[in-house]
Amino acid sequence: MDRIVWSYHHGVRPAVEIDTLDELISFNPATGEEIGRVTNSSAEDVADAVARSRTAFQVWRRTSFPERRLLVIKAREVILSELDEIASLISAESGKPFAEAISMEIAPVLDLMQYFARNAEKLLSQVRRGIGIYSLLGRSSKIVYHPLGVVGIIPAWNYPFAIPLGEAAMALMAGNSVVIKPSELTPLVGLKIGEIFKKAGAPKDLVQVVTGDGRTGAALVDAAPDKIMFTGSVATGKKIAKAAAENLTSVVLELGGKDPMIVFADANLELAADAAVWGAFCNAGQSCSSVERLYVEESASERFTSMLIERVKKLKQGVGTGEDISIGAMSSERQLKIVEEHVEHFRREGATIAIGGRRNATAGELFYEPTIITNARNDMHAMQEETFGPTLPVATFKTEKEAIDLANDSEFGLTASVWTKDLRKGKRVAEWIEAGTVTVNEVLYTHGIGQTPWGGFKNSGRGRTHGLEGLMELVQPQHIHVNRIAILPNAWWMPYTPTATKTFRGFAKPAISPNMRPPFTSAMRTGGGSGT
Ligand code: NAD
């Protein structure tokens with residue numbers, strides 16, 4: 001067959017028959033240079049990979065935690081020994097500054113890896129569960145956590161290293177095997193993850209990487225792995241949920257965001273302005289938890305907006321390899337066009353472009369200037385849709401309630417931040433905001449904390465990654481129930497009689513399990529009965 005090249009140069013598909021394409025070219029979005037080519041895995045390749053992964057799983061599931069820990073720790077060592085090379089690859093393939101490749105991808109994922117390498121055994125150890133009166137009758141219950149099998153990981157391009165690698169490390173520590181399908185915009189970073197585990201001595205087929213676009217991702221879902229960990233857009237998340245339902249494959253969906261930042265007048269405004277600039281513009285605004293809407297209390301809005309503009313003027317934009325570069329290239333022409341459209345919507349709907357609002361042609365083809373937009377309102381188109389670019393629209397509020405209502409007026413709910421010196425107010429507001437993570441006097445970075453759950457409310461996702469909650473997504477709990485004095489038949493067994501029915505009435509009273517006794521609500525809050 002003729003070699004037909006399928007390229008995503010600057011995110012633009014060439015006009016060729018897609019079914020005949022067999023290769024993917026990776027480009028540096030900042031320079032337009034080709035940086036490598038990879039195979040476009042077919043559906044058969046993917047099905048084979050999943051079948052081999054099942055075989056690898058059968059061996060890996062029997063490994064001890066120290067053996068798993070050794071692999072993950074060795075993988076860390078490989079990363080540390082190639083730190084600059086990996087950071088350069090991430091920067092070249094995604095367009096992000098070299099500095100961010102280290103600070104926002106490599107450093108946090110290394111920390112996550114050590115945390116789960118050290119703690120997965122404890123987090124997944126068998127637990128006894130209090131079962132009330134049944135324990136007085138000689139029964140006991142324990143919960144054992146078993147791995148699931150093959151975990152399929154389908155990430156986006158924006159954090160092409162940290163997200164799939166972190167999920168893979170957690171899946172491996174839980175005893176699963178892994179097949180990763182990186183984004184078509186960052187296949188080389190995906191392949192690098194496979195290479196790292198190989199160098200660390202991973203058994204054959206334990207960590208595999210298949211490359212290609214959405215069709216390869218769809219083939220991975222159709223190959224019926226035991227779990228899909230997906231990161232990407234709401235539209236693709238819906239397609240995956242639908243396709244996964246065919247095999248009842250469970251999915252974790254990490255989807256989009258339109259994250260609000262609320263700045264009260266009593267906040268440390270200088271610090272909040274620094275945070276807003278980083279939160280909105282790091283990774284050229286292409287973070288799911290980017291600040292995409294800023295609400296500032298009206299009395300502080302003028303001062304605060306000037307602080308933002310002052311800071312933006314100092315930011316250097318350019319090819320990410322420069323160590324003084326704060327804002328790199330956008331990942332693709334497609335993404336940049338969305339940003340242009342959204343800024344145009346703001347203009348047409350009466351907002352003010354205070355700074356930026358155009359491409360930065362001197363930096364290169366795919367650069368967009370960091371942009372502050374004032375007089376934004378929630379009824380504007382681009383205050384509702386995810387932009388995923390270096391724009392920061394600013395709106396105002398008068399009361400605490402109004403701030404909360406504006407923040408919650410969105411289909412998304414990934415993260416949010418509240419800025420105030422009054423911590424009681426900050427925490428109160430945080431609990432009213434519909435988002436998976438709300439930070440008080442902090443912004444964006446909590447994906448970097450491996451110990452805490454990550455995931456969204458509303459259309460920002462389903463399920464969690466990271467933390468105990470994320471680890472629980474990668475195992476299946478088994479309840480082992482033992483009757484150690486199995487002498488007499490249970491009262492609820494057959495044959496049923498009027499006397500038995502009378503006894504059943506007694507069972508129905510809230511005496512059967514101490515867990516169900518008042519105070520009912522506080523028992524619910526603390527998770528029911530005591531674990532012994
Ligand atoms: P996308 O949905 O276009 O693609 C994501 C991945 O899905 C890619 O690997 C793609 O090849 C694959 N894919 C596409 N169609 C598929 C299909 N039918 N079946 C299976 N796989 C398929 O998203 P994107 O443009 O790569 O990423 C940007 C989005 O990701 C943004 O919305 C952003 O908010 C979101 N995101 C969310 C988080 C989070 O943690 N919540 C983190 C990073 C990015």
Side-chain angles (χ1 to χ4, degrees), residues 6 8 11 13 18 24 38 40-41 43 46 94 96 104-105 108 152-164 166-167 179-187 189-190 209-223 225 228-246 249 251-259 282-290 292 330-338 385-389 410-415 435-437 444-448 453-466 470:
W6 169 32
Y8 259 87
R13 274 171 194 247
I18 54 172
L24 201 59
V38 302
N40 189 23
S41 307
V46 175
S94 68
K96 72 180 67 185
M104 298 189 71
E105 295 232 46
I153 300 178
I154 306 178
W157 43 262
N158 63 337
Y159 287 93
F161 191 68
I163 291 179
E167 291 172 357
V179 178
I180 303 172
K181 201 299 285 176
S183 164
E184 53 273 37
L185 293 182
T186 51
V189 175
V209 181
V210 291
T211 45
D213 74 348
R215 290 165 304 161
T216 311
L220 180 52
V221 178
D222 292 344
I228 291 286
M229 304 293 290
F230 170 73
T231 308
S233 60
V234 173
T236 309
K238 286 183 181 173
K239 281 188 206 161
I240 288 183
K242 208 166 164 187
E246 200 56 45
T249 306
V251 290
V252 165
L253 302 172
E254 294 293 352
L255 308 176
K258 189 79 192 167
D259 296 0
C282 67
N283 209 20
Q286 300 167 114
S287 299
C288 47
S289 47
S290 286
E292 291 226 356
M330 304 284 301
S331 61
S332 67
E333 176 66 27
R334 192 185 63 151
Q335 199 56 48
L336 203 150
K337 283 223 162 87
I338 296 172
E385 300 220 336
E386 186 180 43
T387 306
F388 227 53
S410 171
E411 66 167 295
F412 296 108
L414 188 56
T415 80
T437 299
L444 189 141
Y445 88 114
T446 59
H447 187 269
W454 177 264
F457 284 15
K458 303 195 275 191
N459 276 355
S460 285
R462 295 290 181 274
R464 293 294 179 267
T465 59
H466 297 187

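Just follow the structure's listing: the first ligand is 1, and inside any ligand the first atom is 1.
Counting only distance, with no hydrogens or angles, the side chain of Q335 and the backbone of F388 share a donor-acceptor pair below 3.5 Å. Distance alone, capped at 3.5 Å, is enough to place a donor-acceptor pair between the E105 side chain and the A162 backbone. With hydrogens and angles disregarded, a donor-acceptor distance shorter than 3.5 Å links the side chain of K181 to the backbone of G212. A distance-only check finds a donor-acceptor pair linking the side chain of S290 to the backbone of G285 [under 3.5 Å].
Taking a cut-off of under 4.0 Å to the non-hydrogen atoms of N158, the atoms of ligand 1 that pass are 43 (C), 44 (C). Atom numbering of ligand 1 starts at 1 in the shown order; those under 4.0 Å from a heavy atom of I163 are 42 (C), 43 (C). Close approach of ligand 1 to D213 (heavy-atom distance below 4.0 Å) involves ligand atoms 11 (O). Taking every heavy atom of A218 and a limit of under 4.0 angstrom, the matching atoms of ligand 1 come to 19 (N), 20 (C), 21 (N). Ligand 1 places these atoms under 4.0 Å from at least one heavy atom of R334: 25 (O). Close approach of ligand 1 to C288 (heavy-atom distance below 4.0 Å) involves ligand atoms 34 (O), 36 (N), 37 (C), 38 (C), 39 (C), 40 (O), 41 (N), 42 (C), 43 (C), 44 (C). Remark: ligand 1 atoms within the under-4.0 Å shell around heavy atoms of W454 are 39 (C), 40 (O). Heavy-atom contacts of S233 reach the following atoms of ligand 1: 1 (P), 2 (O), 23 (O), 29 (C), 30 (O), 32 (O) (cutoff under 4.0 Å).
The OG atom of S460 sits 8.0 Å away from atom CD of E411, with the distance rounded to the nearest 0.5 Å. Of the inter-residue distances, the one linking T236 atom OG1 with L253 atom CG reads 10.5 Å to the nearest 0.5 angstrom. With rounding to the nearest 0.5 angstrom, the NZ atom of K258 is 13.5 Å from the SG atom of C288. Between T437 atom OG1 and F457 atom CZ the span is 8.5 Å, to the nearest 0.5 Å. In this structure, the separation between CD1 on I154 and CG on L220 is 4.5 Å, given to the nearest 0.5 Å.
Considering only non-hydrogen atoms, atom 22 (C) of ligand 1 lies nearest to T236 out of L253, D259, T236. The closest heavy-atom contact to atom 35 (C) of ligand 1, among the options G190, A156, G232, comes from G232.
Considering backbone and side-chain atoms alike, I240 places every N or O at 3.5 Å or more from each N or O of ligand 1. Checked by distance only, ligand 1 and Y159 stay at 3.5 Å or farther apart across all their nitrogen or oxygen atoms. Between E184 and ligand 1, a contact under 3.5 Å exists for at least one N or O pair. Remark: ligand 1 and K181 share an N or O pair separated by less than 3.5 Å (distance only, no angle test).
The side-chain hydrogen bond (donor to acceptor under 3.5 Å, both in side chains) contacts involving residues 153-164 comprise Y159-S287, where partners must be two or more places apart or lie in separate chains.
Shortest contact from atom 28 (C) of ligand 1 to any protein heavy atom: F388 CE2, 3.8 Å. Looking at atom 24 (P) of ligand 1, its nearest protein heavy atom turns out to be W157 NE1, 3.3 Å. Summary of contacts: the protein heavy atom closest to atom 41 (N) of ligand 1 is L255 O, 2.8 Å. Nearest protein heavy-atom neighbour of atom 12 (C) of ligand 1: I154 CG2, 3.7 Å. Nearest protein heavy-atom neighbour of atom 34 (O) of ligand 1: E386 OE2, 2.6 Å. Shortest contact from atom 7 (O) of ligand 1 to any protein heavy atom: F230 CE1, 3.2 Å. When only non-hydrogen protein atoms are considered, atom 18 (N) of ligand 1 lies nearest to K239 CD, 3.9 Å. Of the protein's non-hydrogen atoms, the one nearest atom 17 (C) of ligand 1 is G214 O, 3.6 Å.
Under 4.0 Å from ligand 1, the heavy atoms of L414 that appear belong solely to its side chain. Neither the backbone nor the side chain of R215 has a heavy atom within less than 4.0 Å of ligand 1.
Side chain to side chain, S331 and K96 fail the donor-acceptor criterion of an N or O pair below 3.5 Å.
Side-chain contact between S332 and L185 is present, with at least one heavy-atom pair separated by less than 4.5 Å. Within the 4.5 Å cutoff, no side-chain heavy atoms of V189 are placed close to those of P182. With contacts defined as side-chain heavy-atom distances shorter than 4.5 Å, the pair H447/S289 does not qualify. Counting only heavy atoms from C-beta outward, the side chains of T216 and E184 never approach each other to under 4.5 Å.
Note on ligand 1: P155 sits in its first shell, one or more heavy atoms being nearer than 4.0 Å. Proximity of T465 to ligand 1 is not established, as no heavy-atom distance is less than 4.0 Å.
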